[in-house]
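Take a look at the structure below.
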Amino acid sequence: FSSRRRHTRFRNVTGVQTCALPISAVSLWAANFIPVKLAVREIHGFPTSLMRVSLAGLLLVGLHVARGQGLTALRGAWREFLPLGLLGISLSFACFTLAMQFTSVSHAVFIPAMMPLLVLATMCLQGKERLSLSKGVGFALAVSGIVLLELDKTVVAGGAAASSWRGDLFSFGGVCCFAYFTVRGKALSARFDGLTVNTLAFGVGAAFSLPLLVLMAFSGAPAALVPHWGQVSWVAWASILISGTSGSALPYFVYCQAMQRLRATEVATLSYVQPVIATVLGVFFLDERLGPQFFMAAGLILAGVIIAERR
């Protein structure tokens, strides 16, 4: 009896730790919206995303090499990691960063709350999940919430409208890219550990982003894309540094650890914690003000995701 009780206690602790992984990841991502928003106030979103990917990639590759693990795994699997790095990392970062330039934090995070449904749709198309009535109802509610969110003009910051359809469209593009990363990363995590998946994906992303960033900085890119670097404040530089390290590399690593222990749809479901945290932070740190239509839209989206994921 004592042995069984210890085994049950160990299993419960392990379950809590497993659930804590994706929750930690989405919490870090939620907090990351604040430094990204501060950075794009001074630097265009596209070079900001390149710097974020480059920093995260260099950090993860450095840690991987420091642990005595080379990049030999990429030699035989580069065809699989190439689209993961370009679409799941580089393009995803570009879309989300540009979204933060053109829309509010609250809009930018509630559209990604649709990600579990996109993951679910992908899994259904692959025959790995079955589309039930509850999932269909969840889809309908979430899409209704997205439509209402697009009609919402009640979010303001500093006395002016803080949301736009352009930013929301970029956010949706980022969701699609990240849904691909989730499904494909889950498949690769069966063959590689979480750190290796992240290192190789971010390594590919950094190998693309860093040369492009250098080219933009020294080849006379449009002034709208490349600022006068000497006029960029320390707040923007610190924001990029925080976003590229603890806001990007760390949560992606934790996220892949979770994907090794949970199904892709279960991991993605916990992302509904992210918009709530990020919205609260946007209200406190960026002076965003929310209206009743926003809360209705947010409620429909979250309700749709929760209903669709019920077993």
Side-chain angles (χ1 to χ4, degrees), residues 22-53 55-56 92-115 149-150 152-168 170-172 174-175 178 227 231-252 254-255 270-299 301-302:
I23 292 174
S24 299
V26 297
S27 298
L28 287 169
W29 274 319
N32 190 40
F33 280 89
I34 304 303
V36 173
K37 189 70 173 179
L38 294 174
V40 297
R41 286 178 174 178
E42 301 184 43
I43 307 174
H44 191 276
F46 186 59
T48 298
S49 72
L50 296 178
M51 285 186 277
R52 292 177 62 210
V53 174
L55 278 172
S92 173
F93 270 57
C95 287
F96 278 126
T97 308
L98 287 166
M100 293 306 301
Q101 181 171 343
F102 295 112
T103 195
S104 63
V105 169
S106 52
H107 271 226
V109 295
F110 268 96
I111 291 176
M114 285 281 290
M115 192 193 73
L149 192 68
E150 286 308 301
D152 173 43
K153 302 299 179 186
T154 62
V155 179
V156 297
S163 58
S164 75
W165 66 268
R166 281 192 303 171
D168 294 347
F170 276 123
S171 185
F172 183 75
V175 173
F178 193 68
Q231 298 178 3
V232 177
S233 71
W234 69 268
V235 174
W237 290 122
S239 297
I240 291 174
L241 180 62
I242 293 171
S243 175
T245 53
S246 61
S248 298
L250 180 58
Y252 266 85
V254 175
Y255 192 79
L270 291 173
S271 64
Y272 63 73
V273 177
Q274 176 179 324
V276 177
I277 299 173
T279 299
V280 172
L281 293 175
V283 169
F284 278 98
F285 291 99
L286 300 175
D287 197 31
E288 292 189 358
R289 294 292 178 264
L290 314 175
Q293 188 172 329
F294 168 81
F295 287 108
M296 291 175 60
I301 294 170
L302 291 181

Under the rule for side-chain contact (heavy atoms from CB on, under 4.5 Å), what residues qualify as partners of L281, not counting sequence neighbours? A31, I34, I277, F285
Is there side-chain contact between T279 and F294, with at least one heavy-atom pair below 4.5 Å? yes
Partner residues of T245 under the side-chain contact (heavy atoms from CB on, under 4.5 Å) criterion, sequence neighbours left out: L59, L241
Would you call the rings of F102 and F170 parallel, tilted or perpendicular, where under 30° means parallel and over 60° means perpendicular? parallel
Under the 3.5 angstrom rule, does the side chain of S248 hit a backbone N or O of S243 as a donor-acceptor pair? yes
Closest non-hydrogen atom pair, S171 against A99: N-CB, 3.6 Å
Could you go step by step and tell me if R52 and V36 meet the side-chain contact (heavy atoms from CB on, under 4.5 Å) rule? CA-CA 9 Å; R52 292 177 62 210; V36 173; 3.9 Å; yes
W29 and F178: ring-ring contact (aromatic ring centres under 6.0 Å, His included), yes or no, with the steps? CA-CA 13 Å; W29 274 319; F178 193 68; 5.3 Å; yes
Side chain of E288, backbone of G282: donor and acceptor closer than 3.5 Å? no
Indicate yes or no: at least one non-hydrogen side-chain atom of V40 is less than 4.5 angstrom from one of L98. no
Heavy-atom check, side chain of V235 versus side chain of R41, under 4.5 Å: no
Test side-chain contact (heavy atoms from CB on, under 4.5 Å) applied to V283 - qualifying residues, sequence neighbours left out: R289, L290
With a 4.5 Å heavy-atom cut-off, do L50 and F93 have their side chains touching? no
side-chain contact (heavy atoms from CB on, under 4.5 Å) partners of F33, counting only residues at least two apart: M100, V105, A108, V109, Q274, A278
Suppose we screen for side chain to side chain donor-acceptor pair (under 3.5 Å). Which residues come up paired with S233, at least two apart in sequence or across chains? E42
d(T97 OG1, I43 CD1) to nearest 0.5 Å is 11.5 Å
I240 side, atom CD1; S49 side, atom OG - distance, nearest 0.5 Å: 10.0 Å
Go through the structure and list residues passing side chain to side chain donor-acceptor pair (under 3.5 Å) with S239, not counting sequence neighbours. none
Is the closest side-chain heavy-atom distance between F295 and P292 below 4.5 Å? no
